[in-house]
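Note that this is a predicted model, so its numbers are computed, not measured. Any value given below was found using the heavy atoms of this structure, including those in side chains, with hydrogens, waters and symmetry copies removed.
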Amino acid sequence: MADRQPGLGHQNHGNWMEQSPVEPRAAHSGYFPNTEYLSADEMRVIILGSGMPNPRKSQASASILVELGNGDKFIFDIGSESVANLGALEIPYDWVDKVFITHLHQDHFADLVALWIGGWTGGRHGPLRIWGPSGDTPELGTKSCVEGFKASMMWDVTSRNGEIPAAGGELEIHEFDYRGENQIVFQENGVTVRSWPAVHAIDGAVSYSLEWNGLKFVFAGDTYPNKWFVEYGKDADIAIHECFPTMDQLVEQYKFSPATAINVAVHVHTAPSAFGAIMDRINPRMAVAWHFYNDFDTRYDVYEQIRETYKGPLAMSTDLVVFNITTDEVRVREAIVNPATWPAPPASEPEKPDHSLLTPRSKFINDGMLSDLVEEVVGPQVDDFKQRRNVPSSPQTGG
């Protein structure tokens with residue numbers, strides 16, 4: 001057989017091919033993280049969490065990632081288990097430092113601590129920046145909530161200070177008035193994020209838009225259909241709005257009473273046909289039904305009720321659905337990820353840890369250490385490791 005030459009793999013001979021190609025043959029139907037460029041005028045939106053207040057392996061709770069061609073990245077809500085999907089995208093944590101919270105139900109912010117601490121240990125060298133609405137009283141606002149769980153993590157933070165750079169353990173909280181109508185809450189690097197009131201549970205929920213480079217992303221969060229979304233959600237290139245399970249599904253699967261199913265599906269959230277009616281009014285380039293269990297035995301009832309009131313472009317979201325958006329096209333795919341990926345290496349050089357921040361263990365605890373055992377079994381491995389890795393002897397490395 002003749003030697004294989006580059007480019008000859010595609011040569012046809014009549015109706016057969018001499019050998020299979022070794023180069024890429026076509027654009028992938030799935031999105032493989034870190035394998036393609038995001039063009040300078042392109043927006044990429046990835047569903048990190050699409051499910052309900054009870055996360056499950058197939059669907060994490062609420063979270064959306066927005067990536068822009070200028071390099072900026074934004075997270076909208078950060079519900080339970082969603083950080084695992086973020087990690088699977090292999091994005092360095094020091095590139096993901098901006099979180100916008102719609103409201104303070106746990107399924108919309110519970111993984112904030114995982115992003116905060118996990119991102120810090122995974123390579124984020126600066127503070128995590130958080131935007132969120134006020135409440136009807138100060139203790140019901142984002143600032144009070146974040147400060148509360150920050151206090152609850154004091155042991156964790158104290159144990160890490162001095163071991164890793166301290167700046168990554170800081171939080172910046174930007175609370176804004178939930179009553180503001182289409183108010184600007186963020187404006188940097190050509191990106192404008194606006195908020196307006198949402199109608200959900202009690203006062204203090206909001207919806208968002210992000211505008212950049214002539215493109216508009218709209219995210220409702222949890223909300224009853226309302227006038228603000230119809231007014232400020234117009235002209236969206238992509239509109240993500242909750243679309244709750246049907247009333248029958250809540251009775252059959254969640255075991256709600258019929259009265260509770262009506263209240264939850266119709267009066268607290270947005271029913272599928274109401275979702276369709278909202279999308280019909282704002283007419284986005286792509287409507288995304290979100291916040292329901294998207295299963296083989298549930299999605300069709302939801303879909304059929306949407307189609308009673310909306311005939312336009314529609315995606316039924318589940319985790320890791322990817323939207324690439326330009327002025328010419330909205331492309332919809334699914335991300336193909338490695339579920340066992342390690343954290344992506346940080347993209348920036350960290351500062352040196354400030355060892356003066358170390359909190360020493362007590363003599364009582366240190367006296368329980370089996371140092372002789374460790375020295376006997378691990379000591380030779382440490383010496384070998386230091387030699388292979390050119391580690392200088394120092395107090396920090398045990399030399």
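- Considering only heavy atoms from C-beta on, Met247 stays 4.5 Å or farther from Phe256 through its side chain.
- Within the 4.5 Å cutoff, side-chain heavy atoms of Tyr293 are placed close to those of Arg56.
- Under the 4.5 Å side-chain heavy-atom criterion for grouping Ile, Leu, Val, Met, Phe, Trp and Tyr, Ile78 is not connected to Val185 through any hydrophobic cluster.
- For residues 166-180, the set of pairs meeting the salt bridge (Lys or Arg N to Asp or Glu O under 4.0 Å) definition, not counting sequence neighbours, comprises Arg129-Glu172, Asp177-Arg179.
- A distance of 10.0 Å separates CZ of Phe76 from NZ of Lys98, quoted to the nearest 0.5 Å.
- His200 is listed as a side-chain neighbour of His269, based on a closest heavy-atom distance under 4.5 Å.
- In this structure, Val199 and Trp228 have side chains that are in contact, with non-hydrogen atoms separated by less than 4.5 Å.
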Stepwise side-chain contact (heavy atoms from CB on, under 4.5 Å) check, Met369 with Val374: CA-CA 9 Å; Met369 297 172 65; Val374 173; over 6 Å; no

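- The cluster map of Ile, Leu, Val, Met, Phe, Trp and Tyr, joined by side-chain heavy atoms under 4.5 Å apart, puts Phe292 and Val251 in different clusters.
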Trace of the side-chain contact (heavy atoms from CB on, under 4.5 Å) decision for Ile101 with Ile130: CA-CA 8 Å; Ile101 297 172; Ile130 303 161; 3.8 Å; yes

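- Other residues, nucleotides and ligands contribute over 12 non-hydrogen atoms within 6.0 Å of the CZ atom of Phe32.
- If you check the side chains of Asp94 and Ser348, you find a donor sitting under 3.5 Å from an acceptor.
- Residue pairs satisfying the salt bridge (Lys or Arg N to Asp or Glu O under 4.0 Å) criterion with at least one member in residues 145-159, sequence neighbours excluded, are listed as follows: Lys143-Glu147, Asp156-Arg160.
- For Lys73, the salt bridge (Lys or Arg N to Asp or Glu O under 4.0 Å) test picks out Glu67, with sequence neighbours left out.
- Here Phe385 pairs with nothing under the ring-ring contact (aromatic ring centres under 6.0 Å, His included) rule; sequence neighbours left out.
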Met52 vs Phe244, side-chain contact (heavy atoms from CB on, under 4.5 Å): CA-CA, chis, key distance, verdict: CA-CA 9 Å; Met52 302 280 281; Phe244 226 58; 3.6 Å; yes

Chi angles and distances behind the side-chain contact (heavy atoms from CB on, under 4.5 Å) call for Ile306, Met316: CA-CA 10 Å; Ile306 293 172; Met316 306 284 282; 3.9 Å; yes

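- Of the N and O atoms on the side chains of Asp280 and Thr309, not one donor lies less than 3.5 Å from an acceptor on the other residue.
- Gln387 CD: 12 or fewer foreign heavy atoms inside a 6.0 Å radius.
- Applying the side chain to side chain donor-acceptor pair (under 3.5 Å) criterion to Thr359, with sequence neighbours excluded, gives no partner residue.
- Nearest heavy-atom pair across Thr270 and His241 is OG1-CE1, 3.3 Å.
- Within the 4.5 Å cutoff, no side-chain heavy atoms of Thr223 are placed close to those of His103.
- Hydrophobic clustering (side-chain heavy atoms under 4.5 Å, transitive across Ile, Leu, Val, Met, Phe, Trp, Tyr) keeps Tyr208 apart from Tyr232.
- For the pair Val337/Glu90, no side-chain contact is recorded, criterion being any heavy-atom separation below 4.5 Å from C-beta on.
- By the 6.0 Å contact criterion, CZ on Arg388 is enclosed, its count of non-hydrogen atoms from other residues, nucleotides or ligands being greater than 12.
- Ile240 and Met43 fall within a single hydrophobic cluster, where Ile, Leu, Val, Met, Phe, Trp and Tyr side chains are chained together by heavy-atom contacts under 4.5 Å.
- Under the 4.5 Å side-chain heavy-atom criterion for grouping Ile, Leu, Val, Met, Phe, Trp and Tyr, Val322 is connected to Ile91 within one hydrophobic cluster.
- Across all non-hydrogen atoms, the minimal contact from Glu181 to Trp196 is CA-CB, 4.4 Å.
- Arg331 and Glu36 are not joined by a salt bridge, as no carboxylate oxygen comes within less than 4.0 angstrom of a charged side-chain nitrogen.
- Two residues are said to be in side-chain contact when any heavy atoms from C-beta on lie closer than 4.5 Å; Val157 and Trp116 meet this criterion.
- Side-chain contact, Ser80 with Gln106: a donor N or O sits under 3.5 Å from an acceptor N or O.
- Note that OG of Ser207 is 11.0 Å distant from CG of Asn182, once rounded to the nearest 0.5 Å.
- Taking the six-membered ring where tryptophan is involved, the planes of His174 and Trp131 are essentially parallel, since the angle between them stays under 30° and well short of 60°.
- Each of Ile336, Ile47, Leu89 was evaluated against Leu320; a single residue qualifies, Leu89, per the side-chain contact (heavy atoms from CB on, under 4.5 Å) test.
- Each of Asn213, Asn324, Asn70 was evaluated against Glu42; a single residue qualifies, Asn324, per the side-chain hydrogen bond (donor to acceptor under 3.5 Å, both in side chains) test.
- Between Phe100 and Phe74, the angle of the ring planes lies from 30° to 60°, which puts this pair in the tilted group.
- Here the side chains of Ile278 and Tyr310 are not in contact, with every heavy-atom distance at 4.5 Å or above.
- Residues Asn54 and Tyr254 have side chains that bring a donor and an acceptor to within less than 3.5 angstrom of each other.
- Side-chain N/O atoms of His105 and Asp222 include no donor and acceptor closer than 3.5 Å.
- Within 6.0 Å of the NZ atom in Lys311, the count of heavy atoms belonging to other residues, nucleotides or ligands exceeds 12.
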Quick one: side chains of residues 281-288, donor-acceptor pairs under 3.5 Å with protein atoms, not counting sequence neighbours, listed by atom name and distance.
unit_1, atom_1, unit_2, atom_2, d
Arg285, NH1, Asp237, OD1, 2.8
Arg285, NH1, Thr326, O, 2.8
Arg285, NH2, Thr326, O, 3.1

